[in-house]
**Q** 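There's a structure below that I have some questions on.
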2 protein chains.
Amino acid sequence: MAQRVGIKDVALAAGVSVSTVSHALSGKGHMRAETRDRVRAVAVELGYTPNRLASSLRQRRTRVIGLVSDSISTTPFATRVVVGVHEAASAAGLQVMMTSTHGDPSVELASLELLASYRVDGVVYAKMFHQTADVPAALLAMPSVFVDALPREPIVPATVPDERQIGRVGTEFLLGQGHRNIAHLSIVHGGPGRDGRVAGFMDAMHAASIENAEGFVAYSDDTSEAYARRARDVLTASPRPTAVFCFNDRAAIGVYHAAASLRLRIPEDVSVVGVDNLELVAETLNPGLTTVSLPHFEMGVWAVRTLVKMIAGEPFAGDTPSVVFQPGVLIERASVAPPGPRVTKT
Amino acid sequence: MAQRVGIKDVALAAGVSVSTVSHALSGKGHMRAETRDRVRAVAVELGYTPNRLASSLRQRRTRVIGLVSDSISTTPFATRVVVGVHEAASAAGLQVMMTSTHGDPSVELASLELLASYRVDGVVYAKMFHQTADVPAALLAMPSVFVDALPREPIVPATVPDERQIGRVGTEFLLGQGHRNIAHLSIVHGGPGRDGRVAGFMDAMHAASIENAEGFVAYSDDTSEAYARRARDVLTASPRPTAVFCFNDRAAIGVYHAAASLRLRIPEDVSVVGVDNLELVAETLNPGLTTVSLPHFEMGVWAVRTLVKMIAGEPFAGDTPSVVFQPGVLIERASVAPPGPRVTKT
DNA sequence: CTGTTAGCGCTTTCAG
DNA sequence: CTGAAAGCGCTAACAG
């Protein structure tokens, strides 16, 4: 059933040796164009499908990379890095074998060993929330790249979102619209994401000569209900902020709910900016949510591109730019307007 | 760098032959337990990672399956089948190589050939919207299963959502709450999804002895704006429906928007049920959307399970149950309430 | 420019 | 119960 015709059959049919067929098909070495074309013609005629197992075995290179992540779907982010990885891999002529570890170290180890047994050329090791992580020993045996995680030891290249820039971009947009009394609804659970965005918020506020910006940040648990409650506090402060920059889109949903219950209109009474660009959410919200898009797709692409270089033998030195920070980009929708005298909208 | 130790090294270190190592590791054939254990111990001690390329080449079986879909991310559905496929594959000891065709037949062909060259044991061929599709010739050479698509020729097993049941379930829930004047907001573009759900709607209405149910269905284009417009028509009809069953969650969003602009409260003035269970959306909506979940995960699981059987040699006869219809399940949130005298909610 | 030959690392009869 | 040997299908020296 499966491809019966092998390189031998092609050789036979074309009246040449197998090595000639191999050369003709791979284009390596020089040979008479005529022979090459004839061989190729015979190959397609016979419906020859080269056996990559055999060739990989021989060449010690599979053109397959592994993608191990702690989740392939808990969040839309995961999907975006997966897509980025696949697109870049496909562009580089690589296939990808993906495994999901559910965050379990023992299945992670098993996954890595499995990938090793398939002799993948390298692996992309992705986390779904920006964090610092140990480098699994099994990874050291092959080229690998971290995504959305910083290796505790700088022995593996990595890419993460530029959280600080993200905080700055979101805040600056609000500032640019004329807001000055801007609250930042963040999360209590610390980490690179929270800390970076808070820092970016401060940067922007300070740059705009707004003092005591620390006083404008509120901390909440990362659940819709908690956000809604905390947002209510924020929106009932006095003077009431004219805008709130949210840690993520979920927090923004909380602000929408709180605003609705307080009969505050968005964006007339309060502007809101999120982070994540969960498109489904941002577009469902009424009005649409202006938000900073996280660079998940880009991280996936960068990861396989650098992996490709490593596979090609470009050495990774722990001191060359081993981590790149990907910027976020602001996606403008309708949840922001200048502050001040109420603007009427239809 | 990559695993240097081969079966030979293990044999040498254990003082046995390679074939003994092979047997010891695979557990095939009988041998003294002592020898077997010693060999195994040596293997782990040496950090031996069997080379699956070699074994696959020899055994003519890779334990890898292909997953080709027209998109891996346009919709959250895609992700759910991908997850289902991965979970089931992993449970069956299979790896998966995924390729995305972007709906382009030529890249589809290339993908299929690539998978064939890697000698995958079978392939799951998935579409992201329920449809009927031709069977690519390249698929015939290996075991394969269709997902979310019916093959035009019944030569490949397939699984699709039971659209009619889905239509029925959504409608019956509303009926069960006491609604009788129920509108169905559907799409103008025909297909198994639309037709099935409309039919299910009719089934339920007729079973409840409600006549002229056809009159209750409205057709819209599948965009948020169009849905909102059409929903407005529906909600301004007289008598005004007390509930609307939507073709999908996007349509439900349209109803929410229309209701908001008409100052109708959900669920007090109008109940709404969607289809898809886009969780992000359903939970963002205020109140949460009650909706029928589509069986994408289940389809992915079913697909690899039947693929596994086919690979095992269980023949596929075109007349055995070659297509299975997966039911949807109703996910209850807050967008439905009994009709009638207005219920007050805090 | 083309053919011969020796493996890549493993599994599997078939002997011993 | 264990080992020797043949090969899975391909590539890469090396000859011719």
Side-chain angles (χ1 to χ4, degrees), chain A residues 1-40 42-43 46-64 113-114 116-121 141, chain B residues 1-40 42-43 46-64 113-114 116-121 141:
Chain A
M1 178 181 258
Q3 330 310 315
R4 299 269 53 164
V5 16
I7 199 172
K8 241 180 219 166
D9 306 286
V10 178
L12 207 64
V16 294
S17 73
V18 295
S19 50
T20 300
V21 175
S22 178
H23 287 145
L25 262 28
S26 69
K28 286 183 183 166
H30 294 270
M31 66 190 312
R32 220 181 337 164
E34 189 206 324
T35 336
R36 193 195 51 211
D37 295 342
R38 182 163 44 86
V39 171
R40 289 188 175 173
V42 171
L46 261 49
Y48 170 62
T49 304
N51 186 328
R52 288 233 186 188
L53 293 173
S55 101
S56 294
L57 179 60
R58 182 64 231 249
Q59 294 185 124
R60 300 159 156 289
R61 132 152 235 249
T62 51
R63 297 188 159 282
V64 176
E113 284 184 345
L114 210 46
S117 76
Y118 278 107
R119 297 299 188 267
V120 295
D121 293 336
Chain B
M1 176 181 260
Q3 330 309 318
R4 298 269 56 165
V5 16
I7 198 171
K8 241 181 221 166
D9 306 287
V10 178
L12 207 62
V16 295
S17 74
V18 294
S19 47
T20 299
V21 176
S22 178
H23 287 143
L25 262 28
S26 69
K28 286 184 183 165
H30 295 269
M31 66 192 309
R32 220 180 338 162
E34 189 207 324
T35 334
R36 194 196 49 209
D37 295 342
R38 182 163 44 88
V39 170
R40 289 188 175 173
V42 171
L46 262 49
Y48 171 61
T49 305
N51 186 328
R52 288 235 185 184
L53 293 173
S55 97
S56 295
L57 179 59
R58 181 63 231 253
Q59 295 184 123
R60 297 156 159 292
R61 134 151 232 251
T62 52
R63 298 187 158 282
V64 176
E113 285 183 344
L114 210 46
S117 76
Y118 277 107
R119 297 298 188 266
V120 295
D121 293 336

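Here is the naming used below: chain letters follow the sequence lines, and residue numbers restart at 1 for every chain. The structure presented is a predicted model; accordingly, all values stated were derived computationally and were not measured.
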**Q** C:dG9, D:dA12, D:dC10: which one has an atom nearest the side-chain heavy atoms of A:Ala54?
**A** D:dC10
**Q** Among C:dT11, D:dG9, C:dG9, which is the nearest nucleotide to the side chain of B:Arg60?
**A** D:dG9
**Q** Without decimals, in angstroms, what is the distance between A:Tyr48 OH and D:dC10 C1'?
**A** 7 Å
**Q** Taking the side chain of B:Ser19 as its heavy atoms from C-beta onward, which of D:dA5, C:dC10, C:dT2 lies nearest to it?
**A** D:dA5
**Q** Whole-Å distance between C:dG3 P and A:Leu12 CG?
**A** 12 Å
**Q** Can you identify which nucleotide, out of C:dT2, D:dC8, D:dA4, has its nearest atom closest to the B:Ser17 side chain?
**A** D:dA4
**Q** Side chain of A:Val16: nearest nucleotide among C:dG9, D:dG9, C:dG3?
**A** C:dG3
**Q** Of all the nucleotides listed (D:dG3, C:dC10, D:dG9), which has the minimum atom distance to the side chain of B:Pro50?
**A** C:dC10
**Q** What's the closest nucleotide to the side chain of B:Met31 if the choices are C:dT2, D:dA12, D:dT2?
**A** D:dT2
**Q** Starting at atom CZ of B:Arg58, determine the distance to atom P of D:dA6, rounded to an integer number of angstrom.
**A** 13 Å
**Q** Could you state the atom-to-atom distance from CD of A:Gln59 to P of C:dG9 in whole Å?
**A** 14 Å
**Q** Ignoring the backbone of B:His23, work out which of C:dT11, C:dT13, D:dC10 is nearest its side chain.
**A** C:dT13
**Q** Whole angstrom is fine here: how far is it from CD1 in A:Ile7 over to P in C:dT5?
**A** 17 Å
**Q** Measure from the side chain of B:Arg32, starting at C-beta and using heavy atoms only, and say which of D:dC10, C:dC8, D:dT2 lies closest.
**A** D:dT2
**Q** Expressed in angstrom and rounded to an integer, what is the separation of B:Arg119 atom CZ from D:dC8 atom P?
**A** 13 Å
